[in-house]
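Just so it is clear, the model here is predicted, and its values are computed rather than measured. Order of the sequence lines fixes the chain letters, A, B, ..., with proteins taken first and strands second; residue numbering starts at 1 for each chain.
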Protein chains: 2
Amino acid sequence: MTAEERRGPAEGVDSVLSALADPTRRQLLDLLAAQGEATATTLAEGLPVSRQAVVKHLAVLEAAGLVSGARVGREVRYAVRPAALDATARWMSSLAVEWDRRLAMIKRLAEAAEREEG
Amino acid sequence: MTAEERRGPAEGVDSVLSALADPTRRQLLDLLAAQGEATATTLAEGLPVSRQAVVKHLAVLEAAGLVSGARVGREVRYAVRPAALDATARWMSSLAVEWDRRLAMIKRLAEAAEREEG
DNA sequence: TCGACGTGCAACCATAGAGTTGCGTCCGAT
DNA sequence: ATCGGACGCAACTCTATGGTTGCACGTCGA
């Protein structure tokens, strides 16, 4: 159980959303997904930022449960984790459905009121 | 066509994600969805921030296509817009699927290599 | 017409966070 | 034993942005 999975859904959504809000971080995730596994040093070579910047981003992503890192000898290999992303997608999707529902209801009420007054 | 819909999917995802990353903004969306329609002044009464802060947040949300405001007399009524939210949910969901696909492929490759060496 | 209410605009403050550099440490290979 | 590569930590800069206050403008109603 990761630190992310220990929290409730609201906390998770918050951390995932703010993690994904940064374009550099999304780029990092693309690279990581493409390579399957990579170290901070390697990833930094494919980005216009320093290794330290990448390290910080990876820490944020790991705290959000979007990646996980494992030490292998003197290096740390990171990989992508779909679970948190999927959970947030579901949250967002159900929210959209809820909005649709409410808007439809309001529209019905408005039409009913209109018929009422004639 | 809103300013949001005129841009590509990448731009849209970026603006929606950074808009949703702020907790006050999410709270604002909850209020709006619950009330169906509301003005900045009204919304500010239900939040621990000033009306001006709410106005700024609404501007960000509108730029992301998550809400739309319409002038009615001396007030501006805002309402929630599911489309952009739904599009971002789909983007996120397909990304999760893609990650799963890649991870599965890497796992297969690893197992194949393992059999290879015996 | 005039007062009250809701907006819009501008200046300003403060903090979070993205990025950098420098250095110490640890591990692996020669 | 030691050299080099990868990591971790800390201090620092700088910008974006969430928040505030003050004031001017337009609109509705008495």
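- Annotation: side chain to side chain donor-acceptor pair (under 3.5 Å) contacts involving residues 30-40 of chain A, sequence neighbours excluded, comprise A:Thr39-A:Thr42.
- Using a cutoff of 4.0 Å between basic side-chain nitrogens and carboxylate oxygens, A:Glu98 and A:Arg101 are scored as salt-bridged.
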message: Before you tell me yes or no, could you show the steps for B:Leu29 and A:Trp99 under side-chain contact (heavy atoms from CB on, under 4.5 Å), namely the whole-Å CA-CA distance, both residues' side-chain angles and the distance that decides it to 0.1 Å?
response: CA-CA 10 Å; B:Leu29 289 173; A:Trp99 288 8; 3.9 Å; yes
message: Let's go through A:Leu43 and A:His57 carefully: what are the C-alpha distance in whole Å and the side-chain angles of both, what is the deciding distance for side-chain contact (heavy atoms from CB on, under 4.5 Å) to 0.1 Å, and is it a yes or a no?
response: CA-CA 11 Å; A:Leu43 289 165; A:His57 283 311; over 6 Å; no
Contacts under 3.5 Å, N or O only, protein and nucleotides 26-29 of chain D:
residue, atom, partner, partner atom, Å
D:dT27, O2, B:Arg74, NH1, 3.4

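- Among the heavy atoms of the strands lying under 4.0 Å from A:Val76 are primed sugar atoms or P, OP1, OP2 only; no base atom is included.
- The distance from atom CG of B:Leu20 to atom P of D:dG18 is 13 Å, rounded to the nearest whole Å.
- To the nearest angstrom, C1' of D:dG19 lies 15 Å from CG of B:Leu58.
- Atom CG in B:Leu61 sits roughly 13 Å away from atom C1' in D:dG18 (whole-Å rounding).
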field: Annotated protein contacts, base or backbone, on nucleotides 11-25 of chain C with a non-hydrogen cut-off under 4.0 Å, one of B, S, - each
entry: -------SBBBB---
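- One atom, CD of A:Glu45, and another, P of D:dA6, lie 8 Å apart when rounded to the nearest Å.
- Between A:Tyr78 and A:Leu32, the shortest heavy-atom contact is O-CD1, 3.6 Å.
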